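Given the structure is predicted, the values throughout are model-derived calculations rather than measurements.
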Amino acid sequence: MSVLSSNPQTFLRHLANARLARSISSSPNHLVKHAPPPENETPEQMAVRKLYRRERITPAKRGVELLKTARLNKGMAFSLYERQYLGLHGLLPPAFMTEEQQAYRVLKKLREQPSDLARYVQLDGLQDRNEKLFYRVLCDNIKELMPIVYTPTVGQACQHFGFIYRNPKYTTSSAYTRSYRE
């Protein structure tokens, strides 16, 4: 497919849209109308569009549980209707910000950090809170942030793991855990 052969930034943007960028809707899936396909679309482009189109979901979680779920949390980008419908009224500041405004603020704060390790910790916290915004910032600034989320900064983060540990994300196994399972 052409998406795989294009540049890495486009591929990551498509990947983020397909898996993580789910917009919250109060409408059931069968009532959501997708935009009509563009004219003069090749079959390959149509297959890519169908594969990576944004899905709209109505989350089962409400209130604080919704804000603690990084995949569903949009931060201050929740509209007034979404805040009332999802039980977020009063849990968020009364101001509204678009995803672009939030991405600008995150990037500005990242650039103010004194070291790459501090940037890594901040990005890790953002991923824990708001995955959609994390991948938006990462995809839009891939050349600048790839050294932070990949080598060499991840090596530093591994060396200082005990000092920067926040939330468990992945399953690990060691000799000690193996003995408990047996």
Does the side chain of [X] reach to within under 4.5 Å of the side chain of [Y], using non-hydrogen atoms?
X      : Y      : result
Leu138 : Leu123 : no
Phe96  : Arg83  : yes
Asn130 : Lys132 : yes

Over all atoms of both residues, closest heavy-atom pair of [X] and [Y]:
X      : Y      : answer
Leu86  : Phe78  : CD1-CE2, 4.0 Å
Asn73  : Arg129 : ND2-O, 3.1 Å
Arg136 : Ala103 : CG-CB, 4.4 Å
Ala77  : Glu82  : O-OE1, 4.1 Å

Once rounded to the nearest 0.5 Å, what's the spacing between atom [atom1] of [X] and atom [atom2] of [Y]?
X      : Y      : atom1 : atom2 : answer
Leu91  : Arg62  : CG    : CZ    : 13.0 Å
Arg111 : Glu144 : CZ    : CD    : 4.0 Å
Leu66  : Lys74  : CG    : NZ    : 9.5 Å
Leu145 : Tyr120 : CG    : OH    : 13.5 Å
Leu110 : Ile148 : CG    : CD1   : 8.0 Å

Consider only side-chain heavy atoms of I, L, V, M, F, W and Y, link residues closer than 4.5 Å, and tell whether [X] and [Y] are in one cluster.
X      : Y      : answer
Leu107 : Met146 : yes
Val64  : Tyr85  : yes
Val137 : Met76  : no
Ile142 : Leu126 : yes

If you apply the rule side chain to side chain contact (heavy atoms under 4.5 Å, CB included), what do you find for Asp124 with Val149, and how did you get there? CA-CA 9 Å; Asp124 187 49; Val149 297; over 6 Å; no
Got a donor-acceptor contact below 3.5 angstrom from the Gln84 side chain to the Tyr81 backbone? no
Under 3.5 Å, is there a donor-acceptor pair between the side chain of Thr69 and the main chain of Leu72?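 A pair under 3.5 Å: no.
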So if I apply the side chain to side chain donor-acceptor pair (under 3.5 Å) rule between Gln122 and each of Glu112, Gln127, Gln113, Lys109, which one comes out positive?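 It is Gln113; the other options fail the test.
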